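Working notes for the structure below.
Whatever order the structure lists them in is the order used to number ligands and atoms, beginning at 1. Along the sequence shown, residues carry numbers from 1. What you are looking at is a predicted structure, and each value in this text was computed from that prediction instead of being measured.
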Amino acid sequence: MKVLKMLVLRRASGFCPGKCRDLSRPCRVRDLSTTASRNTVMPAWVIDKYGANEVLRFTKNMIFPVICYPNEVIIKVHAASINPIDVNMRNGYGARALNMRRDPLIMKDIGQEFPLTLGRDVSGVVMECGLSVTYFKPGDQVWAAVPPWKQGTLSEFVVASANEVSHKPKSLSHTEAASLPYVALTAWSALSKVGGLNGKNCKGKRVLILGASGGIGTFATQLLKAWGAHVTAVCSGDASALVKKLGADDIIDYRSGNVEEQLKSLKLFDFVLDNVGGGTEDWAPKYLKKWSGATYVTLVTPFLLNIDQLGVADGMVQTGFTMGSKSLKHLCQGIHYRWAFFMASGVYLDDIAELVEAGKVRPVIEQTFPFSQVPQAFLKAEGGHARGKTVVNVV
Ligand SMILES: NC(=O)c1ccc[n+]([C@@H]2O[C@H](COP(=O)([O-])OP(=O)(O)OC[C@H]3O[C@@H](n4cnc5c(N)ncnc54)[C@H](OP(=O)(O)O)[C@@H]3O)[C@@H](O)[C@H]2O)c1
């Protein structure tokens, strides 16, 4: 009932209150906000071209975000975090596909995507609401993950759709809260939306997680344990203690000896979550139970890369062909094969907040950086070997 009410409120906030009632086109900005925005510029880390870490530039004069649609909110960013996608986007990954989704107002006014702000996660305070936003009000403490085709959160303020935002768990500081949304929503999408797992059907299911020590792995391990699954985690030896503490039942150290040999001594699995990719696809599906609905879900897909390299039309065709043929091949072998993607959703964040408040999931932060050290935070993330998340305190 509560979820239904939230959905209705969120859905209702999607309509433009003006004459056009058309969300496919932005309305006149001044008509849409509950308060007048006074600032015109703000501090932010931006890039003006794609490349190595040197392209990150601090400016005090980034254009202040405006509410372009009646269901948007402006959030004062208290903390953000760095994900692998930020490092990849800095390098130009996904630019072709993401530019197609960018707001025409931004692309038209500026002529291109630059200056581009990276950063997907935000924990902060609502500063301003669009006229049809009913679920939030100025002063609310919120968290969100902003989709990669929007301006990011490594700035003093960010604009987000109310549908992407959720009330921050009260038990978490902004620093802690900023570590979760992007990885939590991606894991939720992979395990629940794509993989069909949930709190009601997971009890006793055997799940194998490849890459259990990073942002997604540390969240997925806790979520699956909260849902009652048996978790086997594959990670480096030095991450074993961390992953065990998060609840993993069995740990496989992929750096000490042959992973397949170690897996052969265990019972087969109902589900594999692959956060590593590359060669893992060649062997991991073998350890699933055949002809019993077992599922292999990977988060490492060639979707954006295909579009970058082949263009939109050929990239989509290539992607469809690859996914179709792999699904078919695995179906013939008795297992389901799926790709999963990050999904922005305030409603799912509400569910995740409940798990956090219940003490079933906690943030795993490896390192925190001040706003002045965003390039250092990128270098940390780029270095790999994450043990949880890298967070940036913006305030
Ligand atoms: N499809 C999507 O929408 C989507 C969304 C988010 C993320 N992703 C992708 O999902 C992957 C994981 O994301 P993340 O945020 O969790 O990354 P992350 O925080 O960088 O963590 C990756 C973890 O994997 C470990 N690792 C590396 N090689 C491994 C191996 N062979 N076996 C087991 N563990 C290994 C790393 O530690 P060690 O190297 O020390 O072992 C690290 O702890 C990334 O490739 C990311 O691009 C996709």
Side-chain angles (χ1 to χ4, degrees), residues 81-91 93-94 97-98 101 119-121 145-149 178-191 193-195 208-223 231-243 246 248 250-260 262-263 272-284 287 297-307 319 323 338-345 363-367 377-391:
S81 90
I82 311 289
N83 290 284
I85 190 164
D86 297 311
V87 176
N88 294 338
M89 280 176 68
R90 188 205 65 200
N91 289 330
Y93 169 78
L98 295 174
R101 290 282 320 255
R120 310 277 44 106
D121 291 302
V146 181
W149 53 86
S179 70
L180 282 174
Y182 189 78
V183 291
L185 288 168
T186 304
W188 196 275
S189 157
L191 296 172
K193 294 306 288 175
V194 174
L208 177 67
I209 302 182
L210 307 179
S213 50
I216 297 201
T218 50
F219 178 83
T221 301
Q222 297 182 79
L223 180 63
V231 174
T232 300
V234 180
C235 60
S236 299
D238 70 286
S240 313
L242 166 70
V243 175
L246 297 174
D250 292 327
I251 311 261
I252 292 181
D253 173 2
Y254 78 94
R255 287 182 190 271
S256 76
N258 188 317
V259 176
E260 286 204 66
Q262 299 177 66
L263 281 171
V272 174
L273 174 65
D274 189 347
N275 305 319
V276 173
T280 49
E281 264 192 37
D282 300 335
W283 54 264
Y287 297 93
V297 177
T298 181
L299 284 166
V300 185
T301 78
F303 175 53
L304 290 179
L305 211 56
N306 280 346
I307 293 181
T319 300
M323 200 179 130
R338 302 273 185 273
W339 289 355
F341 300 93
F342 159 76
M343 197 185 279
S345 165
V364 181
I365 297 176
E366 184 179 14
Q367 202 168 346
F378 268 76
L379 284 180
K380 162 76 190 78
E382 197 163 17
H385 308 301
R387 302 289 177 258
K389 289 299 303 283
T390 298
V391 176

K193 atom NZ, neighbour heavy-atom count above 12 within 6.0 Å | no
Using atom types as modelled and distance alone, determine if a side-chain donor or acceptor of D274 lies under 3.5 Å from a backbone N or O of L210.
-> no
For R120 and P147, indicate whether the former's side chain and the latter's backbone hold a donor-acceptor pair under 3.5 Å.
-> yes
How long is the span from the OH atom in Y254 to the OG atom in S236, to the nearest 0.5 Å?
-> 3.5 Å
Do K389 and S81 have a side chain donor and acceptor closer than 3.5 Å?
-> yes
SB check R387 D238 (cutoff 4.0 Å) | yes
Using a strict cut-off of under 4.0 Å between a residue heavy atom and any atom of ligand 1, list the qualifying protein residues by chain and number.
-> P84, Y182, T186, G211, S213, G214, G215, I216, V234, S236, Y254, R255, N275, V276, L299, V300, A340, F341, F342, H385, A386, R387
